[in-house]
Amino acid sequence: MTDPDRLVDPGPPPPDLPGVPGLPGLPGGGPTGRPSLGRGLALDDGDLATDPTTGGPAENEGLAALVQALLLAVGTQLGTDRLNTAFGFDRLSIGRYALDLQARKEYIRMELVRCLCADRRVADVREVFFQDDPRYLDFRPGLAGAAHEQIVEAARARREYTVYAIIDTVAGSTLTLTSGGRLD
């Protein structure tokens with residue numbers, strides 16, 4: 001009788017992938033030695049985008065692929081992906097409890113950090129702030145005084161807030177993710 005494991009020739013060992021130690025599957029992005037931010041199929045409002053030159057599916061890579069993946073994660077309700085129930089953002093819990101506005105905003109901050117850091121291409125979520133936070137004026141220096149107060153009052157009246165997350169990637173780049181919704 002022959003051993004079935006001996007029938008398969010494993011071949012030479014796979015080469016080590018350049019990239020960040022401890023992050024397998026993130027090959028180097030070229031001569032810089034920085035990890036790649038990936039490639040993917042481009043989406044247009046949730047549907048596959050078409051490449052006009054080939055007629056096939058369009059692709060994106062680098063920061064565009066990462067931004068698309070992060071927006072998809074934030075737009076997916078936590079627990080709805082049957083293959084990965086930890087994927088997504090838990091927006092249903094925001095209005096589940098009788099909490100004040102500050103508690104809801106803090107919950108959103110924590111949930112965004114959890115959701116965004118789940119992608120291994122994200123090295124750090126440096127900060128998360130809302131358009132009515134004082135930090136927003138540092139982000140938009142031309143907006144001060146009455147103009148900022150109008151934005152704050154309109155957001156509070158509609159209960160719709162825009163949140164900004166400043167993210168450091170494993171490739172060394174920084175991006176700002178913008179998302180919004182109602183705080184009900």
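For reference, positions follow the sequence shown, starting with 1. These numbers were taken from a predicted model, which means no experiment stands behind them.
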Indicate yes or no for a side-chain donor-acceptor contact from D100 to the backbone of A103 under 3.5 Å, with no hydrogens or angles considered. yes
Go through the structure and list residues passing ring pair (Phe, Tyr, Trp, His ring centres under 6.0 Å) with F87, not counting sequence neighbours. none
Using the rule that two of Ile, Leu, Val, Met, Phe, Trp, Tyr join whenever any of their side-chain heavy atoms come within less than 4.5 Å, decide whether L78 and Y107 are in one cluster. no
Kindly say whether D132 contributes a backbone atom to a donor-acceptor pair with the side chain of H148 at under 3.5 angstrom? no
Going only through I, L, V, M, F, W and Y residues with side-chain contacts under 4.5 Å, is there a path from L70 to V113? yes
Do E127 side-chain atoms and A165 backbone N/O form a donor-acceptor pair below 3.5 Å? no
Does L116 share a hydrophobic cluster with L71, counting links as ILVMFWY side-chain heavy atoms below 4.5 Å and allowing steps through other members? yes
Roughly how far apart are D81 CG and T76 OG1, rounded to 0.5 Å? 7.5 Å
Between L37 and A65, the two heavy atoms sitting closest are O-CB, 4.4 Å
With distance as the sole test, does E111 use its side chain to make a donor-acceptor pair with the main-chain N or O of D90 at under 3.5 Å? yes
Single-linkage hydrophobic cluster F89~L72, side-chain heavy atoms < 4.5 angstrom: no
Has D133 got a side-chain atom pairing as donor or acceptor with F130's backbone, closer than 3.5 angstrom? yes
Do V163 and V128 come close enough that some side-chain heavy atom pair is under 4.5 Å? yes
Can T174 and R126 be said to form a side chain to side chain donor-acceptor pair (under 3.5 Å), step by step? CA-CA 9 Å; T174 301; R126 199 178 322 161; 3.2 Å; yes
Could you measure the distance from the CZ atom of R39 to the CG atom of L66? Nearest 0.5 Å is fine. 15.0 Å
Mind checking whether L112 and V125 have side chains closer than 4.5 Å, heavy atoms only? no
Between R121 (side chain) and L63 (backbone), is there a donor-acceptor pair under 3.5 Å? no
Got a donor-acceptor contact below 3.5 angstrom from the T85 side chain to the R82 backbone? no
pair E106-Q102: side-chain heavy atoms closer than 4.5 Å: no
In terms of hydrophobic clusters joined by side-chain contacts under 4.5 Å, are I108 and L101 together? yes
Taking all non-hydrogen atoms of both residues, which atom of Q68 and which atom of N60 are closest, and how far apart? OE1-ND2, 2.9 Å
Show, in sequence, the C-alpha distance, side-chain angles and deciding distance for D168 and L175, and conclude whether the side-chain contact (heavy atoms from CB on, under 4.5 Å) test is met. CA-CA 7 Å; D168 293 328; L175 65 98; over 6 Å; no
Hits for ring pair (Phe, Tyr, Trp, His ring centres under 6.0 Å) against Y164, two or more places apart or cross-chain, chain-then-number order -> F129, Y136, F139
Would you say T50's side chain and P52's backbone share a donor-acceptor pair under 3.5 angstrom? no
For D51 and E59, what are the C-alpha separation, side-chain angles and deciding distance, and is it a side-chain contact (heavy atoms from CB on, under 4.5 Å)? CA-CA 8 Å; D51 185 349; E59 294 182 355; over 6 Å; no
Running the 4.5 Å side-chain criterion over Ile, Leu, Val, Met, Phe, Trp and Tyr, what cluster does L43 land in, apart from itself? L41, L48
Please assess C115 against V74 for the test side-chain contact (heavy atoms from CB on, under 4.5 Å), listing each intermediate value before the final yes or no. CA-CA 7 Å; C115 178; V74 171; 4.2 Å; yes
Working to the nearest 0.5 Å, report the span between CZ of R156 and CD of E153. 6.0 Å
Taking all atoms of both residues into account, what is the closest heavy-atom pair of A171 and P35, and its distance? CB-O, 3.4 Å
